[in-house]
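For the numbers below, each heavy atom of this structure counts, side chains included, while hydrogens, waters and symmetry mates do not. Below, chains carry the letters A, B, ... as their sequence lines are ordered, and counting in each starts from 1.
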Amino acid sequence: MEKISGAQALMKSLLREGVDTIFGYPGGAIMPVYDALYDYKDSIRHVLVRHEQGAAHAAEGYSRLSGKPGVCMVTSGPGATNLVTGIADAMSDSIPIVCITGQVTAAALGTDAFQEAPVIGIVTPVTKWCYQITNAAEIPHIVAKAFHIASSGRKGPVLIDITKDAQFELCEYDDSIQTITLKSRHDPHFAKKLDRAAALLNSAKRPYVLFGHGISLSKAENELVQFVEQGGFPAASTLLGLSSMPKSHPLYMGMLGMHGNYAPNKLTNKADVIFAIGMRFDDRVTGDIKKYAPQAKIIHVDIDHAELDKVITADIAIHADAKEFLAQITPLIKSRKHDEWIGQFKKLDTEEREVVVDAELYPKSGEISMAEVVRIVSEKTKGKAVIVADVGQHQMVSARYYGFENSDSFITSGGLGTMGFALPASIGAKIAGPKREVIAIIGDGSFQMNIQELGTIMQEKLSVKIIILNNRHLGMVRQWQELFFEERYSFVHMENPNFNKIADGYSIPNELVEERKDLAPALDRMLKAEGSYLLDIMVKRDENVFPMIPSGAAVDEVRLK
Amino acid sequence: MRYVLTIKSENAPGTLYRIAGLLLRKKINIESLHVKEIDRKKHISLFTIEIFLSTHLMAKLIKQIDRVVEVTHAEYRRMQ
């Protein structure tokens with residue numbers, strides 16, 4: 001067998017896994033791999049990011065739209081440590097990414113060599129799995145294992161650290177597909193639990209379905225709709241579940257959580273049976289867990305066994321894949337309607353609209369509101385764009401007011417809440433879904449956390465649309481200081497640069513929008529533009545996001561003002 | 001409560017670190033620790049770890065340990 005270098009074996013292994021895109025940044029300890037990549041320019045698109053954190057988030061965005069693991073590749077030491085936030089983000093949100101890091105030679109490990117960092121030691125707690133390769137011959141098997149682990153079961157980030165000598169070393173490349181088998185935990189009581197869950201739902205007077213990211217991760221959107229339609233169940237989404245069910249669906253009741261909708265939170269404590277699937281009862285969803293749905297029987301379905309009974313003790317805890325489970329339970333569900341119960345949602349929804357929503361969506365005077373921007377974007381794109389939101393008030397407003405009609409249309413950092421996520425994630429999303437309209441909605445604070453990725457957008461000629469909702473503040477922190485810290489506004493005001501001049505520097509067409517009359521025409525120009533486009537929109541500086549479950553309060557203590 | 005964890009795993013570098021990391025997250029101290037390869041052909045190691053932990057956390061912790069890719073089996077018992 002002909003011998004090839006470890007670097008070439010890595011390329012062949014990545015192609016075997018179907019990799020067509022790598023987000024990366026070269027450097028000393030990964031140079032043999034970059035040299036091999038030079039020969040694969042036609043089959044693998046390498047996207048040169050401007051900071052390694054951007055590579056990790058871009059890989060996440062890519063994964064969300066492609067359904068495949070995103071791949072990022074960086075050098076040792078600072079290159080690898082810069083990935084850590086992105087890896088932790090992917091861990092929190094169960095996003096499959098494969099990170100490849102260069103490492104100093106095996107002989108230099110542990111000597112504080114130039115650009116040496118103990119990467120495995122650093123990333124172990126924030127990866128699903130990680131491995132250091134010191135022999136080239138290990139590469140085909142380890143790459144196969146990495147992709148399998150990242151994308152099976154509860155998905156997540158994995159990292160492969162490859163010493164420089166292993167990249168140079170010659171090895172025989174074994175092309176036979178490596179079968180990877182991981183342990184599986186089979187629940188002997190599964191069939192019984194399935195029947196009990198169906199019986200409980202069939203006898204419920206006020207059933208309530210909660211769904212999360214697990215729906216899109218297992219591509220169970222159709223099965224979810226069939227299930228709720230069969231039982232006539234009202235359903236509500238977590239932040240990451242958004243767009244897994246069309247917002248216009250009559251059984252879609254809105255978003256759960258701290259800044260979710262009024263009815264879905266309030267009525268959590270009125271339901272008699274809660275069916276939660278592909279979600280993990282995050283503290284932002286539950287509020288005070290001692291007062292979370294004490295009246296309800298809870299059915300919890302999750303692909304991760306360790307999530308069952310972690311936060312909320314379920315009456316029926318089922319370890320299963322969302323898609324498979326929904327396909328199995330739907331035939332057991334009786335066709336019913338729950339008009340009176342759904343009427344309670346509608347009533348509270350009207351209250352929310354009157355107190356909060358109408359004023360935010362249709363302000364008649366004063367500065368532009370974040371909500372009206374999102375409303376107009378939603379109307380103009382008919383709810384069909386991919387919204388990539390960063391973290392903060394603009395994220396909650398995007399989640400609340402964009403009218404998602406298609407699946408895989410909302411990409412945001414949920415669990416970790418990583419500011420700076422959206423700009424690089426939108427790069428990955430646009431590359432994975434070039435035909436979809438990708439709109440990044442970003443606050444002025446978040447935008448400056450990974451602003452350098454404008455360079456990547458320029459170089460790759462990506463048609464990413466960027467909306468900065470600019471309130472000159474760290475708005476969410478400012479809101480908390482107003483409500484819970486006696487208006488002591490501690491370091492939340494931002495003196496911002498001229499974002500239009502910055503966009504000019506990157507040759508990205510842009511506009512500044514300060515007046516309401518200019519908003520809709522500017523959004524039209526942005527959406528009509530062939531390439532990337534940036535709008536810096538000045539919005540009200542002291543807007544608060546409501547409804548809100550105050551920290552530590554119960555879900556039914558959600559406030560409208 | 002005093003518990004003994006018995007964990008079987010692939011005999012691979014970093015597994016102890018991953019398990020110890022799960023204990024550290026909850027600020028659990030290790031009272032005693034023993035690790036030995038028990039199957040030379042399959043490269044299986046057996047960890048025996050003694051910890052103090054309140055009962056309601058134990059079931060959650062063992063599932064998180066069981067979730068570790070390298071771990072093939074994890075169980076716990078209460079010390080008298």
Side-chain angles (χ1 to χ4, degrees), chain A residues 88 91 94 106 109-110 118-134 138 141-142 145-161 180-187 280-281 289 300 302-314 317 319, chain B residues 1 3-30 33 35 37-47 49 51 53-78:
Chain A
M91 189 73 171
S94 311
L109 283 170
V119 174
I120 296 295
I122 292 169
V123 303
T124 291
V126 290
T127 49
K128 189 175 170 192
W129 183 74
C130 56
Y131 189 86
Q132 185 176 63
I133 293 177
T134 49
E138 294 179 285
H141 176 70
I142 292 300
K145 190 168 176 180
F147 276 81
H148 182 76
I149 292 171
S151 52
S152 62
R154 180 177 180 173
K155 298 171 186 185
V158 301
L159 182 141
I160 306 171
D161 193 38
I180 310 293
T181 40
L182 298 177
K183 65 175 179 236
S184 61
R185 295 281 179 258
H186 185 69
D187 183 351
R280 57 182 174 86
F281 294 105
I289 50 171
H300 187 193
D302 201 275
I303 195 160
D304 181 0
H305 189 233
E307 288 300 340
L308 301 172
D309 297 334
K310 185 186 83 175
V311 176
I312 300 290
T313 306
H319 180 209
Chain B
M1 292 299 155
Y3 285 99
V4 180
L5 316 181
T6 31
I7 302 162
K8 286 181 193 165
S9 84
E10 289 173 35
N11 187 359
T15 310
L16 172 61
Y17 180 58
R18 213 172 250 287
I19 294 166
L22 292 170
L23 301 180
L24 175 63
R25 267 180 94 169
K26 283 285 192 191
K27 209 176 168 186
I28 299 165
N29 188 46
I30 294 174
L33 167 70
V35 190
E37 188 174 70
I38 52 162
D39 187 330
R40 282 201 184 278
K41 278 190 189 145
K42 291 183 183 163
H43 301 289
I44 300 290
S45 288
L46 178 72
F47 293 77
I49 307 175
I51 58 171
L53 190 61
S54 51
T55 306
H56 72 286
L57 291 174
M58 193 57 243
K60 295 176 193 185
L61 176 68
I62 205 75
K63 284 199 271 188
Q64 291 183 341
I65 292 172
D66 187 57
R67 183 166 64 175
V68 171
V69 171
E70 288 86 357
V71 169
T72 54
H73 180 85
E75 62 180 36
Y76 64 93
R77 68 188 156 80
R78 226 171 97 180

B/Ser54 OG to B/Tyr3 OH distance, which is reported to the nearest 0.5 Å: 8.0 Å

Return the set of residues passing side chain to side chain donor-acceptor pair (under 3.5 Å) with A/Thr181 (not counting sequence neighbours), or none when no residue passes. none

Could you list which of residues 13-27 of chain B have a heavy atom closer than 4.5 Å to any heavy atom of chain A, in residue-number order? B/Tyr17, B/Arg18

To check you understand the geometry: which heavy-atom pair defines the closest contact between B/Lys42 and B/Asp39, and what is its length? N-OD1, 3.0 Å

N/O donor-acceptor pair under 3.5 Å between A/Thr313 side chain and A/Asp309 backbone: no

Ordered numerically, the heavy-atom neighbours of chain A under 4.5 Å found in residues 56-73 of chain B are B/Lys60, B/Lys63, B/Gln64, B/Asp66, B/Arg67, B/Val68, B/Val69, B/Glu70, B/Val71, B/Thr72, B/His73

Least distance between heavy atoms, A/Asp304 atom then A/Arg154 atom: OD2-NH1, 2.9 Å

Is the backbone of A/Arg280 close enough, under 3.5 Å, to the side chain of A/Lys310 for a donor and an acceptor to pair up by distance? no

Would you mind checking which part of A/Glu307 comes under 4.5 Å of any heavy atom in chain B, side chain (CB onward), backbone (N, CA, C, O), both or neither? side chain

Straight-line distance of A/Ile142 CD1 to A/Cys130 SG, nearest 0.5 Å: 11.0 Å

Is it the side chain or the backbone of A/Leu182 that comes within 4.5 Å of chain B heavy atoms, both, or neither? side chain

Of the non-hydrogen atoms in B/Ile51 and B/Ile30, which two are nearest, and what is the gap between them? CG2-CA, 4.4 Å

Distance col, row B/Arg78:CZ vs B/Met1:CE, nearest 0.5 angstrom, shows 4.5 Å

Residues forming a side chain to side chain donor-acceptor pair (under 3.5 Å) with A/Asp187, sequence neighbours excluded: A/Lys193

How many angstroms lie between atom CH2 of A/Trp129 and atom NE2 of A/His148, to the nearest 0.5 angstrom? 11.0 Å

Side chain, backbone, both or neither: which part of A/Thr127 has an atom under 4.5 Å from a heavy atom of chain B? both

